[in-house]
Undergrad: 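The following block contains the structure, expressed as structure tokens.
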Amino acid sequence: MSGDNQSGTASMPASAFDQAAEWFARLQSEDSGSATKRRFRRWLRQSPDNVSAFRECQSMWDAVGDASSDPDILSMRNDALTAVQPETHDRWGRITAIAASLCALAISVTVLALVTRDTAPADASIETARVAVAPEATIYRTETGQRSTISLPDGSTAELNTDSLMQVNYSNDRRELVLLKGEAFFDVAKDPERPFVVKADDKVVRAVGTEFAVRMDGDAVRVTLVEGVVDVGRTVEGRFLGGGEEVTLERLVAGEQIVLAANRSGSKDAIDTQIATSWRDGRLVFDNDPLSRVVAEVNRYSARKVVLGDPSLAEMRVSGSFRAGSADGFAKNLQAAFPVSVQTDDERNHLILNWNN
């Protein structure tokens with residue numbers, strides 16, 4: 001893996017773009033875990049050229065927009081990710097092949113996307129994963145079941161969870177992001193001169209160099225701190241409130257989570273951050289949670305919805321780890337471990353849970 005050569009005897013790929021393409025392919029893979037993402041962030045911060053190269057790869061893929069779900073594109077993507085088998089002994093040859101495959105894939109996808117758009121009905125509304133809305137602002141989004149890693153101009157990264165929407169506003173004197181929907185995890189590059197600010201409704205998180213997640217859930221905003229320190233507060237008419245003003249800032253330390261809801265003071269708790277951010281590894285982890293909450297979380301990641309046919313199932317306690325995005329896999333595992341039955345309703349695309357009498 002680029003940036004992870006411990007022997008020091010092999011040469012790196014010639015260009016930053018080759019390395020960026022390999023990283024992009026790995027991060028798009030369903031089995032990319034926390035260790036891979038940590039190595040990626042270290043590589044990203046080694047050079048501004050790495051940031052620029054990765055953003056170029058990202059732009060090529062983002063330009064596809066809705067066409068990225070086309071079966072032909074998905075097939076090409078899978079071919080690129082599996083172009084060279086893992087047992088290949090020439091490590092950098094394998095990496096270069098992946099990079100080349102991704103480049104070819106991006107070109108093919110762009111062409112297919114253009115064809116798709118040219119043949120779409122005139123009144124069709126086609127969104128893209130990355131849309132420039134102002135000279136300093138860019139909007140990113142993910143669909144249900146998708147995750148995306150975004151490299152920011154300062155070397156920070158943002159990981160968008162399922163069904164999320166975020167605006168990025170960067171300038172010479174500010175690093176501001178607005179979470180409009182869903183959830184994101186931020187790994188912030190240190191810059192004391194430009195605090196890193198994330199807004200969600202009227203709630204604001206301010207950091208310098210840290211790792212934290214922000215999630216919008218109804219009228220509530222949940223902030224989970226994995227590393228470092230952040231200040232959390234509210235805004236009124238665009239002002240960040242704190243100190244002697246109307247709202248006192250809450251300071252979080254690593255391992256704490258705060259939930260801010262409309263017209264209510266925040267509740268702060270110590271939590272297991274690995275469980276809270278398990279979605280980053282494509283897993284949903286639960287620890288003695290009521291089935292109603294588990295089902296609601298599983299449904300965030302899947303077009304097929306799990307529903308409770310018997311309301312008395314709601315309080316059944318569930319612990320376990322499930323793959324995000326697989327409602328059928330979740331239902332199958334649940335049926336194997338608990339006294340429940342699963343009925344499929346194809347017309348409504350539902351999986352209905354009942355007690356197994």
Undergrad: Show the numbers, then the answer: is there a salt bridge (charged side-chain N to carboxylate O under 4.0 Å, His left out) between Glu297 and Arg215?
TA: CA-CA 12 Å; Glu297 192 67 12; Arg215 173 173 169 174; 3.0 Å; yes
Undergrad: Provide the closest heavy-atom pair for Val285 versus Ser321 in the form atom of the first, atom of the second, distance.
TA: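 Minimum heavy-atom separation between Val285 and Ser321: CG2-OG, 3.9 Å.
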Undergrad: Would you mind checking if Arg147 and Asp281 are paired as a salt bridge, meaning a charged N to carboxylate O distance below 4.0 Å?
TA: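 Result for this pair is no, no salt bridge flagged.
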Undergrad: Determine whether Val188 and Phe212 make a side-chain contact, defined as any pair of heavy atoms from C-beta on separated by less than 4.5 Å.
TA: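 The answer is yes; the side chains approach within 4.5 Å.
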Undergrad: Measure across Gly155 and Ala189 and return the closest heavy-atom pair with its distance rounded to 0.1 Å.
TA: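 Residues Gly155 and Ala189, closest heavy atoms: C-CB, 4.1 Å.
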Undergrad: I want to check something: taking the side chain as every heavy atom from C-beta on, are Val197 and Val204 in contact at a cut-off of under 4.5 Å?
TA: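 They are in contact (side-chain heavy atoms under 4.5 Å apart), so the answer is yes.
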Undergrad: Report yes or no: do Asp345 and Gln343 form a side-chain donor-acceptor pair below 3.5 Å?
TA: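 Per modelled atom types, Asp345 and Gln343 side chains form no pair under 3.5 Å.
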Undergrad: Contact between Leu179 and Leu177 at the side-chain level, heavy atoms closer than 4.5 Å - yes or no?
TA: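 In short, these two side chains do not touch, never coming nearer than 4.5 Å.
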Undergrad: Backbone N or O of Lys203 within a donor-acceptor pair of the Asp201 side chain at under 3.5 Å?
TA: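 The answer is no, because no donor-acceptor pair under 3.5 Å joins these two groups.
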Undergrad: Without swapping roles, check the side chain of Thr162 against the backbone of Gly145 for a donor-acceptor pair under 3.5 Å.
TA: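 Yes.
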Undergrad: Which pair of heavy atoms, one from Val214 and one from Val205, lies closest together, and at what distance?
TA: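 Closest heavy-atom pair between Val214 and Val205: CG2-CG2, 4.1 Å.
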Undergrad: Does this structure show an ion pair linking Arg194 with Asp173, if we count only N-O contacts that are shorter than 4.0 Å?
TA: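 A salt bridge is absent here (no side-chain N lies under 4.0 Å from a carboxylate O).
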Undergrad: Stepwise, does the salt bridge (charged side-chain N to carboxylate O under 4.0 Å, His left out) test hold for Arg222 with Glu183?
TA: CA-CA 9 Å; Arg222 185 185 312 270; Glu183 183 173 19; over 6 Å; no
Undergrad: Indicate yes or no for a side-chain donor-acceptor contact from Gln335 to the backbone of Val342 under 3.5 Å, with no hydrogens or angles considered.
TA: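 Checked: pair present.
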Undergrad: Could you tell me whether Arg175 and Asp154 make a salt bridge, using a distance below 4.0 angstrom between a side-chain N and a carboxylate O?
TA: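 Yes, this pair counts.
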Undergrad: Is the backbone N or O of Asp346 less than 3.5 Å from a side-chain atom of Thr344, with the two atoms forming a donor-acceptor pair by type?
TA: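 Checked: no pair found.
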Undergrad: When you compare the side chain of Tyr170 with that of Ser156, does any pair of heavy atoms fall below 4.5 Å?
TA: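 Yes, side chains in contact.
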Undergrad: Determine, stepwise, if the pair Ser312 / Trp355 fulfils side chain to side chain donor-acceptor pair (under 3.5 Å).
TA: CA-CA 9 Å; Ser312 67; Trp355 289 110; 2.8 Å; yes
Undergrad: If you count every heavy atom of other residues, nucleotides or ligands that lies below 6.0 Å from Asn172 atom CG, does the total exceed 12?
TA: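 No, not enclosed.
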Undergrad: For Met166, run the side-chain contact (heavy atoms from CB on, under 4.5 Å) check against Thr138, Leu180, Ile150 and tell me which one passes.
TA: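 Answer to the side-chain contact (heavy atoms from CB on, under 4.5 Å) test with Met166 among Thr138, Leu180, Ile150: Ile150.
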Undergrad: For Lys190, is the NZ atom crowded, meaning more than 12 foreign heavy atoms sit under 6.0 Å from it?
TA: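 12 or below, so no.
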Undergrad: Measure from the side-chain N and O atoms of Asp217 to the backbone N and O of Ala220, and report whether any donor-acceptor pair falls under 3.5 Å.
TA: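 Not a single qualifying donor-acceptor pair exists.
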Undergrad: Kindly give the heavy-atom pair with the smallest separation between Ala327 and Val306, and that separation in Å.
TA: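 Minimum heavy-atom contact is CB-CG2, 4.1 Å.
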Undergrad: Would you say Leu152 and Val168 make side-chain contact, with heavy atoms under 4.5 Å?
TA: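 Side-chain contact under 4.5 Å: yes.
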Undergrad: Answer with yes or no after comparing the ring centroid distance for Phe196 and Phe186 against a 6.0 Å cut-off, counting only values under it.
TA: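 So the answer is yes for these two rings.
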Undergrad: Using a strict threshold of under 4.0 Å (side-chain N to carboxylate O), is an ion pair present between Asp289 and Arg317?
TA: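 No, no charged N to carboxylate O under 4.0 Å.
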Undergrad: Do Leu260 and Val223 touch side chain to side chain, with heavy atoms closer than 4.5 Å?
TA: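 Heavy-atom side-chain distance check fails, nothing below 4.5 Å.
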Undergrad: Tell me, do Leu291 and Leu334 make a side-chain contact under 4.5 Å, heavy atoms counted?
TA: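 In short, these two side chains touch, coming nearer than 4.5 Å.
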Undergrad: Which heavy-atom pair separates Asn299 from Lys305 by the least distance, and what is that distance?
TA: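 Closest approach of Asn299 to Lys305, heavy atoms only: O-NZ, 2.6 Å.
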Undergrad: Using every non-hydrogen atom in the two residues, find where Ala207 and Val230 come nearest and quote the distance to one decimal.
TA: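 Minimum heavy-atom contact is CB-CG1, 3.6 Å.
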Undergrad: Give a yes or no on whether Val229 and Val198 share a hydrophobic cluster (residues Ile, Leu, Val, Met, Phe, Trp, Tyr; joining criterion: side-chain heavy atoms under 4.5 Å apart).
TA: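 Each belongs to a different hydrophobic cluster.
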Undergrad: Show, in sequence, the C-alpha distance, side-chain angles and deciding distance for Asn161 and Tyr301, and conclude whether the side chain to side chain donor-acceptor pair (under 3.5 Å) test is met.
TA: CA-CA 9 Å; Asn161 198 2; Tyr301 297 82; 2.7 Å; yes
Undergrad: Any side-chain to backbone donor/acceptor pair from Thr142 onto Ser164? Under 3.5 Å, distance only.
TA: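 Checking the backbone N and O of Ser164 against the side chain of Thr142, a donor-acceptor pair under 3.5 Å is found.
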Undergrad: Short question: side chain of Ser319, backbone of Asn288 - any donor-acceptor pair under 3.5 Å?
TA: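 Flag set: sc Ser319 to bb Asn288 pair under 3.5 Å.
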Undergrad: Do Thr224 and Gln257 meet the criterion of a side-chain donor-acceptor pair at a distance under 3.5 Å?
TA: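 Yes, a side-chain donor-acceptor pair sits under 3.5 Å.
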Undergrad: Do Pro290 and Glu315 touch side chain to side chain, with heavy atoms closer than 4.5 Å?
TA: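 The answer is yes; the side chains approach within 4.5 Å.
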